[in-house]
*Asks:* 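One structure is given below, represented as structure tokens, and several questions about it will come after.
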Amino acid sequence: MDPIKLRYAKTHEWASVEGNICTVGLTKFAVDLLTDVIYIDMPDVGDPALKGDSFGEIESVKAVSDIYAPVEGEIIEINDKLVLDPATISKDPYGKGWLVKIKMAGKPKGWLVKIKMAGKPNLDHLMNHAAYEKQIASESH
Amino acid sequence: MALETALHSWHSSNGARMVDFGGWDMPVQYTTIVDEHTAVRNDSGIFDIGHMGRLKIHGPDATSFLQMVCTNNSANLKLGQVRYNLVCNEKGTILDDILVYQHGSDFLLVVNASNRLKIVSWLLSKSGSLNVKIEDQTLATSMIAVQGPNAIALAKQLISDDPSKLGYYFSFDSKTMNVPSLISRTGYTGEDGIEIILPKGEEIKVWEKLVAMGCKPCGLGCRDTLRLEAAMPLYGHEIDENTNPLEAGLGWAVKLDKGEFIGRDALVKEKNSPSGRVRVGLELPGKRIPRELYPVTKNGTALGKVTSGTFSPTFNKPIAMAYVPANLSAVGTDLDIDIRGKFEPCKVVSLPFYKRKTT
């Protein structure tokens, strides 16, 4: 994944959409902060993902953090490799270290939208790369 | 405004992540906790511990003063000997855990950074009519720990006298790179090694030299995982003003027969009718890590709390220390830890988790 093209949640998840499938991972900034990742608690395939709700947790030597769903939908795939080798997320957060794939629920909002956008994912609530860079610059001081 | 050690700018310009600790801006890690932890267990690591309080106690009544304000015996210390000690209040609970160095006609106390000011004013308030002086040398000196199986072999190349001749928990005055310094065979990692106290401003060349010789810079993150594996208590976690030394498993540092001292009456009572809780080690088979304050449970009922927990880099599994009722403290007892709503099984194991092989 090219970080420039991804969308970002305040809570440091990245999202990338193809069709109505959203791949979710954690940003390099977040995994660098955690370091020494020991364990990732993953949801089950078929679990609902509720936007902004925790769907898993990532445990490092130092601390544990929740992982939040950046979009609404259903978990259709989890990255089994991370369960066996959690360090992968630190080595390649935008590639082999992806976390889950969420099948996004179309969220029709009105007539026109319903006709044109039904089933079409919308990531407008997430930050673009530049906005996210700004956020982490203020967090890392 | 956080205090800074003399090595502060070295840390920031060498990639350290800084964190507030006991009022000091200190490095938590340079690379990763596991990387630094492993270096200390297998090779050697160097720590800036300039934040630790260094108090000189001198005057004709210094010995009797220390006998009164501390639980362990300082009267029979040999020249240069260092001893773990506790400062308790009248209730017999712990104000600080410290090291007392016998230093010729003086004593040196090394106290926790977070407790330094509290202890200085406590000592002043208890000195009364005794002829004793308390001199806080923390800001005028620096302190470096060199720890690990190869630490002494490296450090001795810079020290005029051979630190490998020092007994464990002994110290001597010597020179490090020609700078007068106090060297002690002490540490907070469970490994062999030394700690060096030297005048402020002289630490940087010693630090840089040791780093150049292969000593890995280590932050407070691995200092915590190392001491936890070695089951050394950390003030504010295993021990505090609500904990007495006996339940903390530190009864060996309380000498009830040495004469009067502050907290003695309360500790005699505690010995005769114990609080009923004790500090234990816990080990978990899974990967989820117990953290401080997580409840320790049995059949769903909370019985105690985790005081420190981490993933042990040496044993590759989660470990914790906790207080539990004495009747559930036997090695092998099955308990649970409530890790964010899920009960994870754990077992009481003997402390320390890690003990180095002595040759």
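Here is how names work: the chains are called A, B, and so on, in the same order as the sequence lines, proteins then strands, and each is numbered from 1.
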*Asks:* Look at Q29(B), K287(B), R340(B) and state which one has the largest set of heavy-atom pairs under 4.5 Å with chain A.
*Replies:* R340(B)
*Asks:* Chain B: which of D36(A), D32(A), D41(A), T35(A) shares the most heavy-atom pairs with it under 4.5 Å?
*Replies:* D36(A)
*Asks:* So among K305(B), R279(B), R227(B), which one has a salt bridge (charged side-chain N to carboxylate O under 4.0 Å, His left out) with E238(B)?
*Replies:* R227(B)
*Asks:* Check whether the side chains of H51(B) and T5(B) place a donor and an acceptor atom closer than 3.5 Å, and report yes or no.
*Replies:* no
*Asks:* Identify which part of K342(B) has an atom lying under 4.5 Å from any heavy atom of chain A, answering side chain, backbone, both or neither.
*Replies:* side chain
*Asks:* So which of V34(B), D35(B), I289(B), V28(B) has the biggest tally of heavy-atom pairs under 4.5 Å with chain A?
*Replies:* I289(B)
*Asks:* Under 4.5 Å from any heavy atom of chain A, what part of R288(B) do you find: side chain, backbone, both or neither?
*Replies:* both
*Asks:* Given L3(B), which of R116(B), H8(B), M26(B) fulfils the side chain to side chain contact (heavy atoms under 4.5 Å, CB included) condition?
*Replies:* R116(B)
*Asks:* Before you tell me yes or no, could you show the steps for L234(B) and D224(B) under side-chain contact (heavy atoms from CB on, under 4.5 Å), namely the whole-Å CA-CA distance, both residues' side-chain angles and the distance that decides it to 0.1 Å?
*Replies:* CA-CA 8 Å; L234(B) 174 60; D224(B) 191 46; 3.7 Å; yes
*Asks:* Is it the backbone or the side chain of T32(B) that comes under 4.5 Å from a heavy atom of chain A, or both, or neither?
*Replies:* both
*Asks:* For the aromatic rings, using the six-membered ring if either is Trp, is the centroid distance between W14(A) and H129(A) under 6.0 Å?
*Replies:* no
